[in-house]
Amino acid sequence: MNNQILDETEIAHPHFYSRLANFWERLGAFSIDILLLSSVWGIFLMIVGWENTGTELFRKVGNSSTIDFQINNLTNPLWYLKMGLFAVYFAGLESSNSQGSVGKSILGLKVTDLEGERIPFGKAFIRFVAKLPSMAILLIGFLMQPFTQNKQALHDILAKTLVYKR
């Protein structure tokens, strides 16, 4: 991006717009990341002897409503540990020189600020935290991405970030 500051019209210019990641690319990258993180989390639970935690969680989901499930998560210290792991993973990698998680790197995507520059850890952390309301409202914050002017999901808009193809 040559350290050039882009305004909203320039970001929406067809040249820049064609370089913005689409919904399917982003979903693919996220799927790779979740598969990786879930595997690491599962191994961690087995190492510390909590391997039945996942089974118990699915049993609870089958016997309760979505609201009960979300409330149970909020009272479970393991949920906070897991979210901490996810936050460090996403914020750390998106603010690093690679500018993206493992999934984004595999698919050739990078996270930038609105000027096309690497984002600091604080902004990457805000971006991660801003994903949580999107999950809580039936994924609407993610599903809006293809319909916004600069292909931004809700967390991108709140954190003032873009996701580009390399």
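- No side-chain heavy atom of L36 sits less than 4.5 Å from a side-chain heavy atom of W41.
- Of the possible polar contacts, none joining the E94 side chain to the V111 backbone as a donor-acceptor pair under 3.5 Å is found.
- The CZ atom of F86 sits 11.0 Å away from the CH2 atom of W79 when rounded to the nearest 0.5 Å.
- Distance check: S134 OG to Q145 CD gives 11.5 Å after rounding to the nearest 0.5 Å.
- Although no hydrogens or angles enter the test, the distance criterion places a donor-acceptor pair under 3.5 Å between the side chain of R118 and the main chain of S95.
- Remark: of the listed residues L27, I34, D33, L27 is the sole one forming a side chain to side chain contact (heavy atoms under 4.5 Å, CB included) with S31.
- The structure places CD of E117 at 12.0 Å from CG of L162, a figure rounded to the nearest 0.5 Å.
- Under a hydrophobic clustering in which Ile, Leu, Val, Met, Phe, Trp and Tyr are joined whenever their side-chain heavy atoms come within less than 4.5 Å, directly or via other members, L45 and Y80 fall into the same cluster.
- A single hydrophobic cluster is not seen to contain both I137 and I126; linkage of ILVMFWY side chains at heavy-atom distances under 4.5 Å, directly or through other members, places them apart.
- Residue F23 holds its CZ atom at 9.5 Å from CZ of F142, rounded to the nearest 0.5 Å.
- Of the charged side-chain nitrogens involved, at least one lies within less than 4.0 Å of a carboxylate oxygen, so that D156 and R127 count as a salt-bridged pair.
- A single hydrophobic cluster is seen to contain both V129 and L81, as judged by linkage of ILVMFWY side chains at heavy-atom distances under 4.5 Å, directly or through other members.
- A heavy-atom distance below 4.5 Å is not found between the side chains of T161 and L114.
- Across all non-hydrogen atoms, the minimal contact from L107 to G28 is CD1-C, 3.6 Å.
- Among all heavy-atom pairs drawn from A153 and R26, the shortest one is CB-NH2, 3.9 Å.
- Residues D113 and K160 form no side-chain contact, since every pair of their non-hydrogen atoms from C-beta on lies 4.5 Å or further apart.
- Summarising the geometry of L109 relative to A21, their closest heavy-atom pair is CD2-CB, 3.7 Å, with the distance given to 0.1 Å.
- Using modelled atom types, no side-chain atom of E25 and backbone atom of K165 make a donor-acceptor pair closer than 3.5 Å.
- Taking each heavy atom of S105 and G100 in turn, the nearest pair found is OG-O, 3.7 Å.
- A donor-acceptor contact shorter than 3.5 Å links the side chain of K123 to the backbone of A159.
- Under the 4.5 Å side-chain contact rule for hydrophobic residues, L85 and L93 share a cluster.
- Between N97 atom CG and K110 atom NZ the span is 11.5 Å, to the nearest 0.5 Å.
- The shortest distance between side-chain heavy atoms of V102 and Y89 falls below 4.5 Å.
- Cluster membership for I157 and V163, using ILVMFWY side-chain heavy atoms within less than 4.5 angstrom, is not shared.
- Annotation: the span from L35 atom CG to F30 atom CZ amounts to 12.0 Å, rounded to 0.5 Å.
- The local environment of CZ in F128 is crowded, with over 12 non-hydrogen atoms from other residues, nucleotides or ligands closer than 6.0 Å.
- A cation-pi arrangement is absent between K151 and Y164 under the rule of less than 6.0 angstrom and at most 45 degrees off the ring axis.
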